[in-house]
Amino acid sequence: MSASDDEMHRVLLLIIVHCCMLRAQDNVFTINKVVLRADPSGTVKNGMLVTLHCSVDISKSEHFLLNYTFSFSKNSKVLVTTTSDRELAQYNISEARYSDSGDYECTLNTAGKTRSSNILAVQVQGITKPRLSAQKEAVKEGEKVPLRCEVPGEKPPFYIIFSKSKHGSASSEQRTVQAEKENFAEIEFPVATGDTVLYFECTARMSSLTGVETSEPSQKVLVTVAEPFSIPKISIHPPDNITEGDNIRIECTTILGRQQDMEIFLQKDKKILNRTKGRESVTHSAVATVEDNGNYTCKAEFLSASKTSTVNVVVAELFTKPVLRYGPNENVDENTALKIECQVNSLLPIRFLLMRGSRILVNDSVYTTIASLAHSGVYACVAETKGITKKSEPVRIQVHAPVSSPILSAANKLSTGTVLGQKFLLRCYSSHGTLPINYTLYKNDTVITWTQVTINKPAEFSEIATDTHVQGEYRCEAQNGHSLKRQSNGLNITVIARVENITMTISPERVIEDGENISLLCSVGSGSFPIEFKFFREHKAELLYRVTENNTYSAVWVTKGIASQESAKYFCTANNQANLPAQSRLLTVTVVLASWKKWLIVLSVLLVVGIAIVALWCCFRKKAKDKGRSLELARSAPANNSTTEKMISGHDKEGDFYYGSDYNEDGENHIKSKEESRVECDWVAPVTAETSPRQVQRADCYTKMHLLAIFGAGPDLENSEVEYTEVEVSVPDPHRAPVTNKAETVYTEIRKPNGKYVMEKVGSLKCHRHNLHRQSDLGELV
């Protein structure tokens with residue numbers, strides 16, 4: 001094949017694949033539903049054939065083939081999966097068993113789409129009858145029977161119940177075993193003693209979602225039981241009329257089937273007397289005593305099987321068990337008579353031994369002596385006849401030395417006192433006396449408590465002080481086994497109430513001025529006297545005042561002439577014999593300046609201000625007088641040449657402004673025109689011929705009232721020939737720089753009778769930058 005043919009085949013293959021893809025894009029379908037049904041439906045019997053049908057209802061855009069994957073599941077566990085191009089699948093349960101009961105479901109998967117069917121419940125009625133088998137048909141007592149029970153066709157897990165019944169008995173013994181992985185279970189059933197013919201059977205019990213069901217019983221299996229040994233026989237020699245001192249022999253016998261595995265036990269009550277293994281008998285021999293009375297048991301045992309027999313043995317008593325007694329009193333006092341006696345009931349002669357510990361005191365039944373501390377110990381007596389020895393129960397005899405007079409003392413810090421509400425300890429001690437010693441505490445002849453001391457140390461009694469008003473005398477009593485009792489002397493306990501509810505106040509309760517006397521009162525609500533009060537200042541370790549009060553709950557500390565530097569926080573403490581001090585809260589004491597000192601400072605300040613004002617007034621007064629003197633000299637000077645010069649608004653040769661202002665009560669400067677700024681004077685002081693015109697430099701200086709205030713009213717005002725003096729003041733230009741504060745000379749224009757004008761110097765003015773609002777201000781400037 002040529003290369004061109006291969007290329008052509010590839011092109012055709014691509015065209016076919018592409019057409020198939022285009023065709024597949026047109027294959028549209030949807031799964032409507034999946035239906036699962038069983039045949040037969042409903043409840044089916046065990047062993048029947050059950051078929052599950054799974055069908056699909058599907059819609060397509062046109063006819064085309066699909067591959068269907070069906071999955072059958074039971075109780076959500078997949079059983080089988082099958083693939084087909086048909087819209088139907090089935091799952092067969094050939095022989096339905098009870099274990100096949102459950103909820104079934106069918107799931108369809110095709111072309112990436114999945115749909116599940118309805119849940120179908122399948123119920124199989126009845127369980128397969130189990131089969132029982134036994135590995136042994138004949139066993140012996142004590143052995144076990146191996147059994148196997150199988151349930152064909154059923155799937156685990158389930159339970160198997162094994163039953164054992166005896167021949168001729170309606171009752172049965174049951175044991176339950178669970179079959180987890182296999183459909184059968186095995187067990188070894190024990191055979192008890194006395195079993196002869198046994199019947200075994202088994203049943204199966206299974207559970208499902210619908211409930212629990214039990215199968216019918218299996219067939220019965222017969223097992224015969226052989227006896228490995230006979231019931232043991234027990235015999236006593238001599239058989240009866242046994243008396244203490246007689247030799248007795250007890251024998252236990254049985255018939256064995258297999259001697260090597262058999263055990264025989266001979267026991268009295270729970271005590272094993274003898275044992276044998278692999279033999280048919282066991283014996284026990286002894287000299288009879290009263291202690292040999294009782295029940296004897298013979299027991300034959302093989303594996304788990306056992307057989308027993310019992311006999312009662314009675315031994316007559318030659319004499320009773322000895323009893324040790326002493327006297328005359330139960331409690332033996334030192335230096336008193338002591339009698340110890342061993343008592344036995346018997347018609348036969350008895351040999352006695354009296355012993356203390358392991359030491360023989362006398363070979364008699366009675367022992368007498370004068371008691372001393374050395375006679376204390378454990379005593380016993382032994383009685384013997386015809387080879388029979390009996391010993392009494394041990395008796396402890398304690399010889400008591402009398403106690404000495406006890407001493408009662410208080411163990412707390414306050415010796416014979418205690419704090420209210422707290423525990424206090426009393427100690428009672430007798431230095432001599434045989435232990436144990438019983439100590440009893442009394443208060444006002446009333447028993448409070450008692451205790452026993454077994455070692456040589458004081459007895460301790462813990463009491464609580466509950467009331468300061470209830471006083472009482474305490475006493476203690478010491479007593480041991482001796483007949484003599486001793487009491488201590490009386491002890492009075494003083495109950496001390498601790499100080500409580502401490503407060504501190506100040507008098508007077510107002511603002512404290514330095515130099516005053518103050519009183520700090522420290523008081524408590526309760527407490528036992530004497531009470532010690534202490535006064536302190538915060539952050540100061542120095543004790544300010546201390547006093548002890550014996551009949552009052554308060555103390556006063558008086559401070560005379562307190563100073564302002566003593567302002568601080570104060571507190572007090574109170575304490576008594578309880579040594580539980582109480583401290584008050586901090587009390588702030590503030591000391592201020594005295595009122596007379598405040599007034600003295602005010603008066604001093606006022607005096608200084610007054611002196612300053614008088615000094616200033618005198619200074620200004622002097623300047624005014626000097627100014628008036630200058631004006632008088634100016635009026636008296638000869639008049640020479642006069643010229644008339646009219647001051648016009650504008651700039652002088654020095655470049656300064658000339659301006660005037662009217663003064664109103666509202667404090668504002670009202671600028672007037674040239675004609676309105678003229679000032680008429682009733683008189684003009686004479687001016688010398690040497691004077692030259694001066695200029696007024698400030699913008700807000702003077703009106704006619706200002707000039708009159710400056711020059712004053714002359715005496716020749718009405719007679720003067722001069723009618724007017726004209727001063728022109730120019731308005732300042734706000735765009736120009738402010739005028740300087742130079743002092744300038746003011747001239748007036750005077751008209752003489754001959755018609756000539758003479759310029760006369762009146763005085764000098766100094767204009768300040770600030771506006772003058774009052775006539776008195778102008779006076780200050782002059």
Parallel, tilted or perpendicular: which describes the rings of Tyr545 and Trp557, with under 30° parallel and over 60° perpendicular? parallel

Any donor-acceptor pair under 3.5 Å linking the side chain of [X] with the backbone of [Y]?
X: Asn576; Y: Ile531; answer: no
X: Ser306; Y: Ala300; answer: no
X: Ser523; Y: Ser554; answer: no
X: Thr548; Y: Glu532; answer: no
X: Glu516; Y: Glu513; answer: yes
X: Ser392; Y: Cys381; answer: yes
X: Asn480; Y: His482; answer: yes
X: Ser462; Y: Leu425; answer: no
X: Thr243; Y: Ala316; answer: no
X: Thr573; Y: Ala582; answer: no

Which heavy atom in [X] sits nearest to a heavy atom in [Y], and how many Å separate them?
X: Ile370; Y: Ala337; result: CD1-CA, 4.2 Å
X: Ala478; Y: Ser430; result: CB-OG, 3.3 Å
X: Glu334; Y: Val399; result: CA-CG1, 3.8 Å
X: Thr434; Y: Ala401; result: OG1-N, 2.6 Å
X: Ile340; Y: Leu324; result: CG2-CD1, 3.4 Å
X: Ser488; Y: Pro406; result: CB-O, 3.1 Å

After noting the C-alpha distance and the side-chain angles of Leu484 and Arg486, does the key distance pass the side chain to side chain contact (heavy atoms under 4.5 Å, CB included) rule? CA-CA 7 Å; Leu484 181 64; Arg486 296 293 181 97; 3.3 Å; yes

Step through the shown structure and confirm whether more than 12 heavy atoms of other residues, nucleotides or ligands are within 6.0 Å of [atom1] on [X].
X: Leu348; atom1: CG; answer: yes
X: Tyr326; atom1: OH; answer: yes
X: Lys268; atom1: NZ; answer: yes
X: His237; atom1: NE2; answer: yes
X: Asn345; atom1: CG; answer: no
X: Leu543; atom1: CG; answer: yes

Tell me, please, which residues at least two apart from Ser365 pass side chain to side chain donor-acceptor pair (under 3.5 Å). none

Holding to side chain to side chain donor-acceptor pair (under 3.5 Å), I want the full list of residues that pass it with Glu463, two or more places apart in sequence or in another chain. none

Tell me whether [X] forms a cation-pi arrangement with [Y], defined as NZ or CZ under 6.0 Å from the six-membered ring centre and within 45 degrees of its axis.
X: Arg537; Y: Tyr570; answer: no
X: Arg546; Y: Phe533; answer: no
X: Lys144; Y: Phe189; answer: no

Distance check, rounded to the nearest 0.5 Å: [X] atom [atom1] versus [Y] atom [atom2]?
X: Asn274; Y: Ser285; atom1: CG; atom2: OG; value: 9.5 Å
X: His400; Y: Thr336; atom1: NE2; atom2: OG1; value: 10.5 Å
X: Leu354; Y: Cys342; atom1: CG; atom2: SG; value: 6.0 Å
X: Thr276; Y: Ile264; atom1: OG1; atom2: CD1; value: 6.5 Å
X: Glu301; Y: Thr308; atom1: CD; atom2: OG1; value: 11.0 Å
X: Thr494; Y: Phe424; atom1: OG1; atom2: CZ; value: 10.5 Å

Less than 4.0 angstrom from a charged side-chain N to a carboxylate O is my criterion; do [X] and [Y] meet it?
X: Glu384; Y: Arg351; result: yes
X: Arg475; Y: Glu477; result: no
X: Lys390; Y: Glu317; result: yes

Within the 4.5 Å heavy-atom criterion, are [X] and [Y] side-chain neighbours or not?
X: Leu491; Y: Glu473; answer: no
X: Ile236; Y: Val311; answer: yes
X: Thr253; Y: Glu280; answer: no
X: Val362; Y: Ile360; answer: no
X: Ile397; Y: Val332; answer: yes
X: Gln583; Y: Phe536; answer: no
X: Cys522; Y: Ile502; answer: yes
X: Asp292; Y: Val313; answer: no

Apply salt bridge (charged side-chain N to carboxylate O under 4.0 Å, His left out) to the pair Lys164 and Glu173, showing each step before the final yes or no. CA-CA 5 Å; Lys164 181 189 80 169; Glu173 180 184 351; 3.4 Å; yes

Walk me through whether Glu251 and Thr283 qualify under side-chain hydrogen bond (donor to acceptor under 3.5 Å, both in side chains). CA-CA 4 Å; Glu251 183 179 11; Thr283 61; over 6 Å; no

Regarding [X] and [Y], is there a side-chain donor-to-acceptor distance under 3.5 Å anywhere?
X: Thr503; Y: Ser584; value: no
X: Thr590; Y: Ser567; value: no
X: Ser564; Y: Asp514; value: no
X: Tyr474; Y: Asn489; value: no

For the residue pair Phe529 and Tyr553, is the inter-centroid distance of their aromatic rings smaller than 6.0 Å? yes

Val447 and Leu441: CA distance, side-chain angles, deciding distance, side chain to side chain contact (heavy atoms under 4.5 Å, CB included) verdict: CA-CA 6 Å; Val447 176; Leu441 182 65; over 6 Å; no

Checking side-chain contact (heavy atoms from CB on, under 4.5 Å) between Val314 and each of Asp240, Asn241, Asn293, which is the one that passes? Asn293

From Lys299, Arg275, Arg279, residue fulfilling side-chain hydrogen bond (donor to acceptor under 3.5 Å, both in side chains) relative to Glu263: Arg275

